[in-house]
Structures are given as structure tokens and as C-alpha cells.
Amino acid sequence: MTPPIIRIEHIARYEGQEVTLRGWLQLKTGKGKLQFLRVRDGTGIIQAVVFRGNISEEEFEAAKRLPLESSLIITGIVKGDARAPGVPGGYELDVRHLQVVQEAAEDYPIGPKEHGVEFLMDNRHFWLRSNRQWAILRVRATIVKAIRDWLDDNGFILVDTPILTPAAAEGTTTLFQTDYHGTPAYLAQTGQLYNEANIFAFGKVYCFGPTFRAEKSKTRRHLQEFWMVEPEIAWCKLEELLEIEEQFVSYIVQTTLRERAAELKALERDTSHLEKVIPPFPRLSYDEAVACINEAAARGVTVPPHDDPLPPLEWGNDFGAPHETFIASLFDKPVFVHHYPSAVKAFYMEPEPGRPEVCRSADLLAPEGYGEIIGGSERMSDPDVLLAAIDRHGLPREPYRWYIDLRRYGSVPHSGFGLGVERTVSWICGLEHIRETIAFPRMLGRLNP
RNA sequence: UCCUCGAUAGCUCAAUCGGCAGAGCAAGCGGCUGUUAACCGCAAGGUUGGAGGUUCGAGUCCUCCUCGAGGAGCCA
């Protein structure tokens with residue numbers, strides 16, 4: 001009987017049986033007549049044990065001199081062994097047959113020792129094969145699925161928005177420009193304005209895709225190209241929006257904890273913080289946040305990662321990174337900061353009735369210094385108020401004509417938010433830098449590979 | 001764009017006051033029946049990012065350039 005071809009993630013089902021695995025040689029240690037091959041197949045990692053007496057002489061010699069990253073097909077008996085490393089681990093393959101599909105070149109650049117950031121980024125196409133990157137991107141895939149599942153199951157309709165756009169949504173300084181048959185076009189930095197058109201047809205919608213910001217931002221939290229999911233909801237005020245956001249974020253976190261426990265363990269993520277991410281999340285007004293910051297700054301409080309003193313914050317200014325970190329550190333869950341000054345936020349945010357200097361906006365700050373993962377607000381529903389805001393921000397009226405017109409035909413209170421996928425992955429995985437959260441990051445000064 | 005730091009073997013890093021360029025790992029060869037980033041032995045590996053300057057002598061000091069990292073601002 002021909003042994004079944006199986007995947008390593010299902011290895012436990014086949015203990016004692018002969019199976020065939022197809023994969024790549026990740027690591028090898030030899031001990032004379034005994035060769036240990038660590039083999040990766042994309043679903044897991046297993047140690048294959050090649051003993052000279054159990055295999056033909058030709059195949060044993062092939063195993064002994066096989067370069068790292070060679071592709072191979074191995075057949076053997078699955079044995080439970082507590083010593084065996086790997087993912088899921090605890091099983092190894094006692095090899096009886098080994099077929100080399102391709103013998104890799106001998107100079108595979110990434111070894112088991114330390115490498116620098118530049119070297120790893122230059123070799124990103126290979127770096128993806130390493131355990132840590134594999135685990136992160138599997139977590140990412142689960143986060144993306146959780147995002148879609150929750151929205152699809154809660155009455156949201158996916159309506160994709162364009163990537164080539166004629167105008168800026170939030171300003172003109174951070175756009176990638178391209179040529180659209182002779183007229184300038186810009187890569188989308190948000191789908192929100194189109195979402196606002198779509199709610200009048202579908203009620204609750206979301207778009208989910210890459211967005212582009214040509215910011216000269218060179219930090220551990222910024223990419224030039226990143227993925228954002230943007231739900232938009234008709235008949236929704238700010239207070240309801242926050243309830244939706246906390247349900248949404250909690251579902252993403254708890255689903256990932258459940259389905260990617262092995263990967264998070266491989267990443268050595270302390271998941272105790274994440275287990276606490278259940279509704280309700282604390283809510284803090286901008287006014288309260290400024291008071292907290294200034295009271296703490298006066299006491300000489302310092303903030304990680306460098307224990308610099310927390311700078312005071314004048315009312316009306318946006319938070320800097322230390323302010324975000326400090327506010328988030330006051331809570332063990334993500335925290336909403338709402339009612340920011342209108343002047344530091346986008347033009348379309350609804351002013352608070354009777355207090356137009358603040359708007360009905362809320363950002364969600366992740367714990368542990370991961371910063372803003374959601375920006376959201378109630379949108380202006382009155383066409384005249386919107387037009388005045390466009391003028392006040394010095395934006396041209398004509399490109400926004402259709403957007404203003406939305407408010408002339410059945411305007412309703414509506415709200416929406418955008419969640420940055422990479423920042424969410426970074427937070428849930430506990431990463432130092434956002435560059436590891438996407439297969440091929442686009443960063444300031446790097447377009448390759 | 002600004003601030004700080006850095007660039008030496010394929011990789012990660014040393015090199016004292018300016019005085020012979022050196023390790024570990026990887027790759028190569030040999031050995032080993034339980035390795036977990038194995039271990040032991042052998043051999044190999046260099047235009048010290050580029051250009052110029054100071055000096056008897058520069059990896060080291062000076063000037064400019066290139067590339068990278070961390071941070072700021074801005075943002076998700």
C-alpha cells in the first residue's frame with residue numbers, strides 16, 4: 001500500500017503509520033550514522049531521523065550531504081517522541097525513503113545565527129521561510145479572516161473602493177501620484193469617502209484593501225503601503241460606533257488567541273494582556289486625557305521604551321508618541337480617546353453640538369505602547385456644514401461635489417472607522433517593528449524585493 | 001526634512017595611543033547512533049562602503065559623498 005501524502009499540521013493523526021511528507025530541509029545536524037533533518041512543509045515543522053540501517057546506502061549519503069533548503073519527499077513512520085522539536089512538536093519521522101527533488105545551491109544566505117536588519121530585509125524573499133516570519137504571517141492570515149468573518153456575520157456588505165483616485169481625502173502632502181492617461185491620479189489613502197456613498201445603497205458596508213501614504217515616516221509603526229479595513233454604518237452615532245468597535249476588536253483578538261496559540265507561543269508572546277481584551281473598553285475624552293497627561297508630566301512621569309520624561313500637552317495639539325503610550329499605559333485594555341479638537345482632525349468629522357471646537361471622533365489606542373490602531377468618527381450629515389468645513393480646510397470644492405451631494409438626498413447620521421491591519425498584527429504578535437507584519441513591506445527608502 | 005549612531009570575511013562582530021586585519025558562525029573536507037543554533041579536527045575566506053586629505057605609517061584622525069539603523073514630526 002502506498003503511504004498517504006500528509007501535511008505536518010495533521011501529523012498527530014498518523015502516529016505509528018507510514019506516511020509521505022513533501023517539504024524543504026530547514027536545518028540539519030549529523031551524528032555519523034544518524035542524521036537529523038528538520039523539514040518544513042508550510043503547515044508545520046518536523047524532525048526527520050535518518051538512520052543508516054533503515055534506509056538505502058545511496059539515500060543515506062544523499063541525506064548526509066544535502067544542502068539546506070533542498071526540496072525533498074520523505075517517507076517514514078510517525079513516532080511520538082517528547083524530545084522532538086518542531087511545530088506542533090512531539091512527533092518525528094523515522095525515515096525509510098528519501099527523494100531529493102532539487103538539491104539547493106550551497107550558499108543559502110540565511111543561517112541559524114544572528115543577522116542584521118538590512119541583510120534580512122535584502123533577503124526578505126528567503127527570510128519568510130524562517131519560523132518567526134512564518135508564525136507572524138499565519139497570525140496575520142487569521143486576523144484578516146476574523147475581520148472578514150465578524151463583519152460578514154454582523155450585517156456588513158463588502159463593497160470594494162477604488163485604489164486610483166482623483167483627489168485627496170485627508171490632505172495633499174502624503175499622496176503617491178501617478179499618471180491616468182494624461183491627468184494626475186493618486187493612490188488611495190482611504191476608501192472612506194466612497195464608503196459613505198455606499199451606505200445609502202447598502203446600509204452597513206466595509207472596504208478592505210491596501211492604502212498608500214507617501215509620508216516621510218521612518219518609524220517602527222509606519223509603512224508606505226498598508227492594509228486597512230474601513231466599516232461605515234448608516235444610522236449610527238459615535239456612541240454606537242464605539243460599541244461596534246470594541247466588539248469587533250475583541251472578536252479579532254480572542255479568535256486569534258484561540259486559533260493561533262501555537263504560533264503565538266513560537267513568538268514567545270505573553271498573551272495575558274490579550275486575554276483581557278473583552279468589552280467594554282475604557283473611554284477617555286480628549287479633555288480628560290490632556291488633564292491626565294499634564295498632571296503626570298508635572299509629576300515627572302517617564303514613558304518607555306527609553307524612559308524619557310513625558311512632555312506636557314497644550315490643549316488643541318495632537319498627541320505625540322509618548323502621550324499615546326502614557327494614556328494607553330493607564331489601562332490594561334485598548335482605550336478610546338474621543339472628542340478630539342476639530343482643528344487636528346479631518347474635515348468631515350461631525351462637530352459636537354454646542355461645542356464646535358471638538359468633533360465626534362474617537363481613536364482606539366492599543367495597550368503596551370502599540371499606539372493608534374483605529375481612527376473613527378461620526379461624519380458630517382449636513383451639506384452646508386460640510387461645505388463650510390471644506391472651505392475652512394482650503395480644499396477645492398469641485399472634487400468633493402459628489403461627496404457633498406450625498407447629504408442632499410436622504411442624509412442620515414452615520415459613522416465609520418478604519419483599522420490598520422499591520423499595527424493590529426504587530427500588537428497581537430508583540431513585535432518590535434511593523435516591517436515583519438506583511439510579506440513584502442513597503443517602507444521609506446525600500447522598494448525591494 | 002531634522003537629530004543621533006553606524007558601515008571591517010557570506011553572516012554577527014573584535015582590532016588598546018595612529019604601528020603585522022582577528023574570532024565565532026555559515027559554506028568545503030574528515031570523524032561521531034539522539035542532535036535541538038550539536039560537538040571534535042583540517043583547510044579556506046579581506047581593495048576595512050566610495051572619493052580626497054593629514055602622517056614615516058590610517059580600519060582608526062579630518063572633509064565630502066553613498067547606504068543603513070534608531071528616534072522626531074505626521075499618521076493607521
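Protein chains get the first letters and strands the later ones, always in sequence-line order, with residue 1 at the start of each. Note that this is a predicted model, so its numbers are computed, not measured.
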Legend entry - Side-chain H-bond candidate by donor/acceptor type, A:Asn131 with A:Gln26, under 3.5 Å: yes
Legend entry - Of the listed nucleotides B:G73, B:A37, B:A27, the one nearest the side chain of A:Ala321: B:G73
Inset, instruction - Please state whether the base of B:U35 and the side chain of A:Gln35 form at least one donor-acceptor pair under 3.5 Å? - result: no
Legend entry - Base B:C75 to side chain A:Ser217, donor-acceptor N/O within 3.5 Å cut-off: no
Legend entry - Check ion pair A:Arg360-A:Glu352 (N to O, under 4.0 angstrom): yes
Inset, instruction - Taking only Lys NZ, Arg NE, NH1 and NH2, and the carboxylate oxygens of Asp or Glu, determine whether A:Arg83 and A:Asp81 approach each other closer than 4.0 Å. - result: yes
Inset, instruction - Kindly point out which of B:U35, B:U1, B:U33 is positioned nearest to the side chain of A:Leu34? - result: B:U33
Legend entry - N/O donor-acceptor pair, side chain A:Arg423 with base B:C75, under 3.5 angstrom: yes
Write down the protein N/O and nucleotide N/O pairs, taken from nucleotides 3-11 of chain B, whose separation is under 3.5 Å; answer none if there are no such pairs.
{"residue": "B:C11", "atom": "O2'", "partner": "A:Glu114", "partner atom": "O", "Å": "2.9"}
{"residue": "B:C11", "atom": "O2'", "partner": "A:His115", "partner atom": "ND1", "Å": "2.7"}

Identify all side-chain donor-acceptor contacts of residues 60-67 of chain A below 3.5 Å with residues at least two apart in sequence or on another chain.
{"residue": "A:Arg65", "atom": "NH1", "partner": "A:Glu103", "partner atom": "OE1", "Å": "3.4"}
{"residue": "A:Arg65", "atom": "NH1", "partner": "A:Glu103", "partner atom": "OE2", "Å": "3.4"}

Legend entry - Face-to-face contact A:Phe36 to B:G34 six-ring, under 5.5 Å, under 30°: no
Inset, instruction - Look only at the side chain of A:Thr161 and the backbone of A:Tyr194, and say whether a donor-acceptor pair between them is shorter than 3.5 Å. - result: no
Inset, instruction - Walk me through it: do A:Tyr186 and A:Phe212 pass the test ring-ring contact (aromatic ring centres under 6.0 Å, His included)? - result: CA-CA 9 Å; A:Tyr186 305 91; A:Phe212 306 87; over 10 Å; no
Legend entry - Qualifying residues under ring pair (Phe, Tyr, Trp, His ring centres under 6.0 Å), relative to A:Tyr340, sequence neighbours excluded: A:Tyr286, A:Phe319
Inset, instruction - Report which part of the nucleic acid A:Asp318 touches: base, sugar-phosphate, or nothing (heavy-atom distance under 4.0 Å, all strands). - result: sugar-phosphate
Inset, instruction - Take the protein atom CD1 of A:Ile434 and the nucleotide atom C1' of B:C75, then report the distance between them rounded to whole Å. - result: 11 Å
Inset, instruction - Determine, for A:Arg379 against A:Glu350, whether the closest basic-nitrogen to carboxylate-oxygen distance falls under 4.0 angstrom. - result: no
Legend entry - For RNA chain B, stems built from three or more consecutive Watson-Crick or G-U wobble pairs below 3.5 Å: B:1-7 with B:66-72, B:10-13 with B:22-25, B:28-31 with B:39-42, B:49-53 with B:61-65
Legend entry - Stretch residues 82-92 of chain A: residues that reach within less than 4.0 Å of RNA chain B through a heavy atom: A:Arg83, A:Pro85, A:Glu92
Legend entry - Presence of salt bridge, A:Glu232 and A:Lys204, under 4.0 angstrom: no
Legend entry - Phosphate-side-chain proximity, A:Lys31 and B:G34, N/O vs OP1/OP2 below 4.0 Å: yes
I'd like a list of close polar pairs between nucleotides 28-31 of chain B and the protein, N/O only, cut-off under 3.5 Å.
{"residue": "B:G28", "atom": "OP1", "partner": "A:Glu106", "partner atom": "OE2", "Å": "3.4"}

